[in-house]
Amino acid sequence: MNKNEYTTPVSLRKIQITDAFWKNEMELVREEIIPYQWDALNDQVEGAEPSFCMRNFKVAGKQNEERKEQGESFEEPQYTFRGFQALPEDMDHLEDKFYGFVFQDSDFYKWVEAVAYSLTQHPDPELEKRADDAIDIVCAAQQEDGYLDTYYIINGKDKIFSNLRDHHELYCFGHLTEGAVAYYEATGKDKLLKAAMRFADYIANYFGPGEGKCKGYPGHEIAEMALVRLYEVTGEKKYLDLSYFFVNERGKRPYYYDSEDHPEKIEKGHEEDLRYFYHQAHVPVREQDEVTGHAVRGVYLYSGMTDLARIYEDQELYAACEKLWDNMISQKMYITGGIGATHLGEAFSYRYDLPNDTAYAETCAAIGLVFWARRMLQIRPEARYADAMERALYNGVLSGMALDGKSFFYVNPLEVTPEACHFDERKFHVKPVRQKWFGCACCPPNLARLLSSIGSYAYTEKEDTLYIHLYMGSTVQKEVKGETAEISVSSGYPWNGDVRVQVKGTGHPFTIAMRIPEWCGEYQVQGTEGADTLEKDGYLYVTKVWKEEDSLSLHFPMEVHVFEADSRVREDIGKVAVMRGPVVYCLEEVDNGKDLHLLSLDVKAEPEVREREIAGTTVEGITLSGYRQEPVYMDGRGLYRVVKEIKKTPVQLQFVPYYTWANRGENEMRVWVKRADS
């Protein structure tokens, strides 16, 4: 770690996104997702499972007014799914009780965070007023002591923090904090921020290393990085110290969760370290060198660890982050940037286990990877982190939302045969049709908050340097010695690699560092005359006294590449995948006919790249030569026969961007295709 290399994200107030590609995604969030999500939070979406989120806040607020000095006894709800309160049969006559998942509060917090980011790019008084009114409802539910979680406020507070492993109080607090800080930074309004601080104070008084304090830590991580963010906006070190406590306490023995009364016990076995892999609590975090367990929880924890390593200059903690990152990238990440290979626990699997058809690859997990990558970049600007961030954004993240922004995937498999899919209406979903909403609605609002804040992932800065990690059309203000320079980026991403950087300088020298993408071989740059240039860690550094209308032009050739996987990835032996620039491609039945498993690709074929339209959206498609194997049918004479000559017919394979699949109806899809010479 070298503190001189540290960077910080550029404030969204200093960035204006103009990019045709990403601006479209942001407008979908603003025009479709944010209003739709608000309706969902208020149970006003026909055909969607009720959320009860805002209703729970209103009930909690009402009980605040009515609750007597001695609260009612807590009665544990009945569950149909862990953490989910059974829905009443008569939806028209609901009791004043809690409904939904124990983490239902977090849906509002993610919504208000997305609203905040959207307001920085597109001021909207009506939307801001709606958010203000909703914040009033939420704050009315907060207890006098600062506690704020409707599950326990409504049911009775005598069992708060009694089930940290499963009940998500600290997770909800984390999202409250993230949303509150974002809304304060966007609008200057601090009502929700003060509510988050009061809850943080309550938690800091309850947990910690001091005598008599609870030695627990979050079951679902996010509080760790949220507390860092709260510290950075308030300067209150107790929040930073609390985050550090949670991270340092995790995995110590005896395991804290064993002291809790859980409906589902994790029995002790002969391999003690395996018991809390799911929660990343099997060993202390500094001893962890393999990403394990629930993938979203994992990358949220690692993001918080990276923040703390940077601020405390904790080399040991940073070394653990590096080992975990390298393990994820080299052994447990899909080519799409998806992570979390198995639906069993929504989790990372063992090394090199990356099944395509049963891949979980939750949208939230790819989003969490982006969070972590940006934080690793803040410590050390190395292109490998931004490369992974870009891969996830254009593939594993965007695939989670339909092109019209009106439906979503929870999971993102790399191979689909419709008749082989299953569908759990509440949550688990690999049927190749996006859904309007989910009872466990983490992915749509997570998409909204990420896409609305995409500019903060494109750029970081330090005093004398602006880093461009992602190429997207935008204008950025950079303070240099008390004066403001303006940097404008224009780009044809992700369809062509031409980038232009224009600078309105201040007469002071500073550096612009531009990432050289991993998918690019030779690149060209123009406009560096009279500048000092240096290529380091995958970035081209250009330093000069920038004049009023200086510019740089870069060309990253976007060739079509055919990839194979490490031989230890058993599922991909004899198969290849196609990429062009940052975009992963796939085959769909609608373009190539049924039985995609009978198709094979000539890896030496010359590609044809051309524009095409998918569901009203213009993209670049790829045509490559290949073959269709003649099917073998036994016609009732069993399943097997002695091998005979395989007959193949030449065909033209039509590839489309992976993130666009399932926008033209239910059909087969696959990313990894048999290679014709295997």
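Each residue takes its place number in the sequence, starting with 1.
Ion pairing of Glu346 with Arg297 is absent here, as no side-chain N (NZ or NE/NH1/NH2) approaches a carboxylate O to less than 4.0 Å. Under 4.0 Å is where a charged nitrogen must lie from a carboxylate oxygen, and between Lys478 and Glu461 at least one such pair does. Using a cutoff of 4.0 Å between basic side-chain nitrogens and carboxylate oxygens, Arg375 and Glu224 are not scored as salt-bridged. Under 4.0 Å is where a charged nitrogen must lie from a carboxylate oxygen, and between Asp537 and Arg380 no such pair does. Classification of Asp314 and Arg286 as a salt-bridged pair holds, one side-chain N sitting under 4.0 Å from a carboxylate O. The existence of a salt bridge linking Arg130 and Asp124 is excluded, since no basic side-chain nitrogen approaches an acidic carboxylate oxygen closer than 4.0 Å. A salt bridge links Arg310 with Glu232; the closest basic N to acidic carboxylate O contact falls under 4.0 Å.
Proximity of a side-chain donor or acceptor of Ser474 to a complementary backbone N or O of Met472 within less than 3.5 Å is detected. For Asn395 (side chain) and Val584 (main-chain N/O), a donor-acceptor pair under 3.5 Å exists by modelled atom type. When atom types are taken as modelled, the side chain of Asp107 and the backbone of Pro445 share no donor-acceptor pair closer than 3.5 angstrom. Using a distance-only test at 3.5 Å, with no hydrogens or angles considered, no donor-acceptor pair links the side chain of Lys332 to the main chain of Asn327. A donor-acceptor pair under 3.5 Å links the side-chain atoms of Lys213 to the main chain of Ala204, judged by distance alone. Side chain of Gln288 to backbone of Val283: a donor-acceptor contact under 3.5 angstrom is found. Between the side chain of Glu27 and the backbone N or O of Glu32 there is no donor-acceptor pair closer than 3.5 Å. Listed for the Arg391 side chain is a donor-acceptor partner under 3.5 Å among the backbone atoms of Ile335. Side-chain atoms of Gln142 come within 3.5 Å of backbone N or O of Ala195 as a donor-acceptor pair. Side-chain N or O atoms of Arg374 include none that pairs as donor or acceptor with a backbone N or O of Thr460 at under 3.5 Å.
A side-chain donor from one of Asn412 and Thr363 sits under 3.5 Å from a side-chain acceptor of the other. Side-chain contact annotation: His262 with Glu260, donor-acceptor N/O pair under 3.5 Å present. Judged purely by distance below 3.5 Å, without hydrogens or angles, the side chains of Asp201 and Tyr239 pair a donor atom with an acceptor atom. Counting only N and O atoms by type, the side chains of Ser243 and Tyr231 include no donor and acceptor under 3.5 Å apart. Residues Glu113 and Tyr117 have side chains that bring a donor and an acceptor to within less than 3.5 angstrom of each other.
Here CZ of Arg165 is found 12.5 Å from OH of Tyr256. Values are rounded to the nearest 0.5 Å. Atoms CD1 and OH, on Ile135 and Tyr109 in that order, are 10.5 Å from each other to the nearest 0.5 Å. From Ile339, atom CD1 reaches atom CE of Met328 across 5.5 Å, with rounding to the nearest 0.5 Å. Here the CD1 atom belonging to Ile15 is positioned 11.5 Å from the OH atom belonging to Tyr457, to the nearest 0.5 angstrom. Between atom CG of residue Asp258 and atom OH of residue Tyr255 there is a gap of 8.5 Å, rounded to the nearest 0.5 Å. Atom CG of Asn2 and atom CD1 of Ile379 lie 11.5 Å apart (nearest 0.5 Å).
Across every non-hydrogen atom of Ala392 and Val370, the tightest pair is CB-CG2, 4.0 Å. Considering every non-hydrogen atom in both Ser303 and Gly368, the closest pair reads OG-O, 4.1 Å. Residue Leu164 comes nearest to Gly216 through the heavy atom pair CD1-CA, 3.7 Å, listed as atom of the first residue, atom of the second, then distance. For the pair Ala131 and Tyr183, the tightest heavy-atom approach, listed with the atom from each and the gap, is CB-OH, 3.6 Å. The shortest non-hydrogen separation linking Ala223 to Pro218 is CB-CG, 4.3 Å. Considering all non-hydrogen atoms of both residues, Gly174 and Ala226 come closest at O-CB, 3.3 Å.
Between Arg30 and Ser452, the closest side-chain pair of non-hydrogen atoms is not below 4.5 Å. The closest side-chain heavy-atom distance from Leu308 to Asn248 is not below 4.5 Å. A 4.5 Å side-chain heavy-atom check between Tyr151 and Glu169 finds every atom pair outside the cut-off. By the 4.5 Å heavy-atom criterion applied to side chains, Ser349 and Tyr360 are not counted as neighbours. Annotation: side chain of Leu176 is not in contact with side chain of Asp105 (no heavy-atom distance under 4.5 Å). In this structure the side chain of Glu25 never reaches within 4.5 angstrom of the side chain of Val29, judged on heavy atoms. By the 4.5 Å heavy-atom criterion applied to side chains, Lys215 and Phe245 are counted as neighbours. Using a 4.5 Å heavy-atom cutoff, the side chains of Thr177 and Leu227 are not in contact.
The aromatic rings of Trp325 and Trp372 lie perpendicular to each other, with more than 60° between the two planes, well past the 30° mark. Relative orientation of the Phe161 and Tyr202 rings is tilted, given thresholds of 30° and 60° on the angle between their planes. The aromatic rings of Phe103 and His168 are tilted relative to each other, their planes meeting at an angle between 30° and 60°. By the 30° and 60° cut-offs, the orientation of the rings of Phe108 relative to Phe57 is perpendicular. Using a 30° and 60° split on the angle between ring planes, Tyr493 and Tyr394 fall in the tilted class, from 30° to 60°. Ring planes of Tyr171 and His220: tilted class, angle from 30 to 60°.
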side-chain contact (heavy atoms from CB on, under 4.5 Å) between Tyr302 and Glu221, worked out | CA-CA 9 Å; Tyr302 310 143; Glu221 301 92 332; over 6 Å; no
Note to self: side-chain contact (heavy atoms from CB on, under 4.5 Å) for Leu317 and Val247? Distances and angles first, verdict last.
What the structure shows: CA-CA 10 Å; Leu317 190 58; Val247 165; 4.3 Å; yes
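Residues Tyr257 and Tyr217 place their aromatic rings such that the two centres sit under 6.0 Å apart. A centroid separation of less than 6.0 Å is found between the aromatic rings of Tyr147 and Phe199.
For the side-chain contact (heavy atoms from CB on, under 4.5 Å) criterion with Leu301, the lone passing option out of Met225, His294, Gln280, His279 is Gln280.
By the 6.0 Å contact criterion, NZ on Lys323 is open, its count of non-hydrogen atoms from other residues, nucleotides or ligands being 12 or less. The number of heavy atoms from other shown groups lying within 6.0 Å of NZ (Lys194) does not exceed 12. More than 12 heavy-atom neighbours from other residues, nucleotides or ligands sit within 6.0 angstrom of CD on Gln315.
By the side-chain contact (heavy atoms from CB on, under 4.5 Å) test, Ala320 is found to be paired with Met305, residues two or more places apart in sequence or in another chain being considered. Listed by chain and residue number, Asp190, Leu193, Val233 satisfy the side-chain contact (heavy atoms from CB on, under 4.5 Å) test with Tyr184 (two or more places apart in sequence, or in another chain). The salt bridge (charged side-chain N to carboxylate O under 4.0 Å, His left out) check on Asp464 picks up nothing, with sequence neighbours excluded.
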